[in-house]
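Take a look at the structure set out below.
Residue numbering restarts at 1 for every chain, and letters A, B, ... go by the order of the sequence lines. As the structure is a computational prediction, the values presented were derived from the model and not from experiment.
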Number of protein chains: 2
Amino acid sequence: MHAEVVIRALSALAQEHRLAAFRLLVQAGEEGIAAGVLAEKLEVPASSMSFHLAQLANAGLVSQRRESRSIIYSADYSAMNGLMDYLTENCCGGIPCGEDAACNTEAKRRTA
Amino acid sequence: MHAEVVIRALSALAQEHRLAAFRLLVQAGEEGIAAGVLAEKLEVPASSMSFHLAQLANAGLVSQRRESRSIIYSADYSAMNGLMDYLTENCCGGIPCGEDAACNTEAKRRTA
DNA sequence: TCGATATTTCCATAGTTATCGAATCATCGG
DNA sequence: CCGATGATTCGATAACTATGGAAATATCGA
């Protein structure tokens, strides 16, 4: 993953509504969530939501599919993992991920 | 870690020069790097570098100390781990960190 | 104290991003 | 085909971010 792509992903997530939308999409899993539903849940006008979803899509963090009149968005886990990979490798250098750092703490907490 | 803080950290990293600076600081470890050295390495005017470092500091990702005439910046690993924590917990939900996801892949690669 | 060095603050400016109503496009049911 | 529904695109505007030179601040050595 190049720095340029990483920056686009970070920029995409660095916004209140987009971070919130992405969290919901991650929770929703494969099934995804329609644009209108996201707009309603986040109390954002449809055109604004569309703008934000386009940013997330442009960053490769979400994919979309049409289902009748709705457009369903879903999180792209591999893109997110690519981002985590980059951050772990380049920005967590001093405290590698296998000891007491974030990722592992989470992993343990999760399986506990 | 609240969403607000997370967004500030993501915004801070979502910029070419700041991401590059932070990577260097992570590599440098406790010792840190002086503002002027960073400016020179990244080929950015001193005042611009100062601006970017202020953003990183504001996000809590770096700390600074004066050492004679220089101001030495160093990465705050715990803040970065806090960010990783949040992302793992909120944005990697579907594929928890203990299986094939980024963090663990990294951890294994690192200790191998 | 003076001059040099390291950095930040100030300021103007250019560029980018967010917002949201209105217009447009796509799909469906009848 | 028509009206309704779900979504995007357009366009204007406001807000924020990045840039970099000049001035100000802090520290040092002599």
Side-chain angles (χ1 to χ4, degrees), chain A residues 3-25 28 31-76, chain B residues 3-25 28 31-76:
Chain A
E4 203 202 311
V5 180
V6 170
I7 286 168
R8 230 182 315 153
L10 290 170
S11 302
L13 293 176
Q15 208 279 346
E16 184 189 352
H17 300 315
R18 290 197 292 266
L19 183 60
F22 190 70
R23 287 182 58 184
L24 288 175
L25 291 175
E31 193 188 345
I33 304 177
V37 175
L38 283 170
E40 201 173 0
K41 282 204 183 190
L42 301 181
E43 301 187 74
V44 164
S47 64
S48 299
M49 192 73 252
S50 193
F51 167 78
H52 290 306
L53 289 170
Q55 306 274 302
L56 287 168
N58 179 249
L61 289 167
V62 303
S63 57
Q64 65 216 98
R65 67 179 194 275
R66 183 175 278 280
E67 203 155 281
S68 169
R69 263 165 296 192
S70 299
I71 298 205
I72 312 288
Y73 284 85
S74 41
D76 185 321
Chain B
E4 204 202 311
V5 180
V6 170
I7 286 168
R8 230 181 317 151
L10 290 170
S11 301
L13 293 175
Q15 208 280 346
E16 184 189 351
H17 300 315
R18 291 197 293 264
L19 183 60
F22 189 70
R23 287 182 58 184
L24 288 174
L25 291 175
E31 192 187 345
I33 304 177
V37 175
L38 283 171
E40 201 174 0
K41 282 204 183 190
L42 301 180
E43 302 186 74
V44 164
S47 64
S48 299
M49 192 74 252
S50 193
F51 166 78
H52 289 305
L53 289 170
Q55 307 274 303
L56 287 169
N58 178 250
L61 289 168
V62 303
S63 57
Q64 65 216 99
R65 66 179 195 277
R66 182 174 277 282
E67 204 155 282
S68 170
R69 264 166 295 193
S70 298
I71 299 205
I72 312 287
Y73 284 83
S74 41
D76 184 323

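In summary, contact between chain A and DNA chain C, defined as any nucleotide atom under 4.0 Å from a heavy atom of the protein, begins and ends at C/dA18 to C/dC28 in the 5' to 3' direction.
The closest side-chain heavy-atom distance from B/Val6 to A/Leu13 is not below 4.5 Å. Between A/Leu53 and A/Ile71 the shortest side-chain heavy-atom distance does not fall below 4.5 Å.
The side chain to side chain contact (heavy atoms under 4.5 Å, CB included) test applied to A/Glu16 returns B/Ile7, not counting sequence neighbours.
Nearest heavy-atom pair, B/Met49 versus B/Ala35, reported as atom, atom and distance to 0.1 Å: CG-O, 3.9 Å. Here the closest heavy-atom approach between residue A/Asp76 and residue A/Gly60 is recorded as CB-O, 3.5 Å. Residue B/Gly32 comes nearest to B/Ser74 through the heavy atom pair CA-CB, 3.9 Å, listed as atom of the first residue, atom of the second, then distance. The shortest heavy-atom contact between B/Gln64 and B/Ala57 is OE1-CB, 3.9 Å. Annotation for A/Ala12 and A/Leu61: closest pair CB-CD1, 4.0 Å, computed over non-hydrogen atoms. Contact detail for A/Arg65 and A/Glu31: the closest heavy-atom pair is NH2-O, 3.0 Å.
Less than 4.0 Å separates DNA chain D from at least one heavy atom of each of the following residues of residues 56-71 of chain A: A/Arg69, A/Ser70, A/Ile71.
The side-chain contact (heavy atoms from CB on, under 4.5 Å) with B/Ile33 is formed by just one residue from the set B/Leu25, B/Val62, B/Ile72; it is B/Leu25.
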Give me, pair by pair, the N or O atoms of the protein and of nucleotides 9-17 of chain D that are less than 3.5 Å apart, along with how far apart they are.
none

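Axis orientation changes by 30° from one end of the helix from C/dT1-D/dA30 to C/dG30-D/dC1 to the other, with each end axis drawn from 5 pairs and the value rounded to 10°.
Of the possible polar contacts, one joining the A/Gln15 side chain to the A/Arg18 backbone as a donor-acceptor pair under 3.5 Å is found. No donor-acceptor pair under 3.5 Å is formed between the side chain of B/Arg8 and the backbone N or O of B/Leu10.
The phosphate of D/dG6 (OP1 or OP2) has no side-chain N or O of A/Tyr73 nearer than 4.0 angstrom.
A/Ala39 comes within 4.0 angstrom of nothing in the nucleic acid, heavy atoms only.
Under the side-chain hydrogen bond (donor to acceptor under 3.5 Å, both in side chains) criterion, no residue pair touches residues 39-51 of chain A, with sequence neighbours excluded.
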